[in-house]
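Computed over heavy atoms, backbone and side chain alike; hydrogens, waters and symmetry mates excluded.
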Amino acid sequence: MGKSQIQRLKLAIQTKRTTTPRHKALILNALHKSPLNRNARRRRRTKPTRIASGKAEEKEAVERKIRALQTIVPGGESLGVDKLFEQTAEYIMNLQHQVKAMRALSSFFESLEKEKSKCGGG
């Protein structure tokens with residue numbers, strides 16, 4: 001497909017002289033298969049603007065999550081990221097131990113209540 005044909009096809013799409021969506025699809029398909037158009041697509045892919053803005057947004061999101069974590073973990077405000085992650089892991093383990101202890105206490109008191117009701121105590 002020559003350069004002039006590609007330009008005519010692009011013009012047809014832009015000016016909406018095409019008659020049906022099927023016709024547009026055929027033209028777009030022809031354009032994508034064209035070696036001239038493939039090179040243009042490769043050049044477009046190398047534009048870093050969208051990638052850079054995505055990375056900046058991603059970095060902001062990570063920083064926001066780190067700040068949130070610093071408020072949750074006791075003493076986290078004064079810690080760097082590495083120490084914060086270590087403290088977070090330790091804090092989670094401590095919370096798990098507390099939950100385990102509370103479940104054991106709850107189970108113990110439930111069994112006491114059952115024994116008390118079996119013996120006729122109030």
From Phe108 atom CZ to Glu113 atom CD, the distance as rounded to the nearest 0.5 Å
11.0 Å

Distance, nearest 0.5 Å, that separates CZ of Arg103 from CG of Leu105
12.5 Å

Got a list of side-chain donor-acceptor pairs under 3.5 Å for residues 78-91, not counting sequence neighbours?
unit_1, atom_1, unit_2, atom_2, d
Ser78, OG, Gly75, O, 3.2
Thr88, OG1, Leu84, O, 2.7

Please walk me through it: do Ile66 and Glu63 pass side-chain contact (heavy atoms from CB on, under 4.5 Å)?
CA-CA 5 Å; Ile66 287 173; Glu63 288 172 353; 5.6 Å; no

Separation of Glu77 CD from Leu69 CG (nearest 0.5 Å)
10.5 Å

Taken to the nearest 0.5 Å, the spacing of Leu95 CG from Met102 CE works out to 10.5 Å

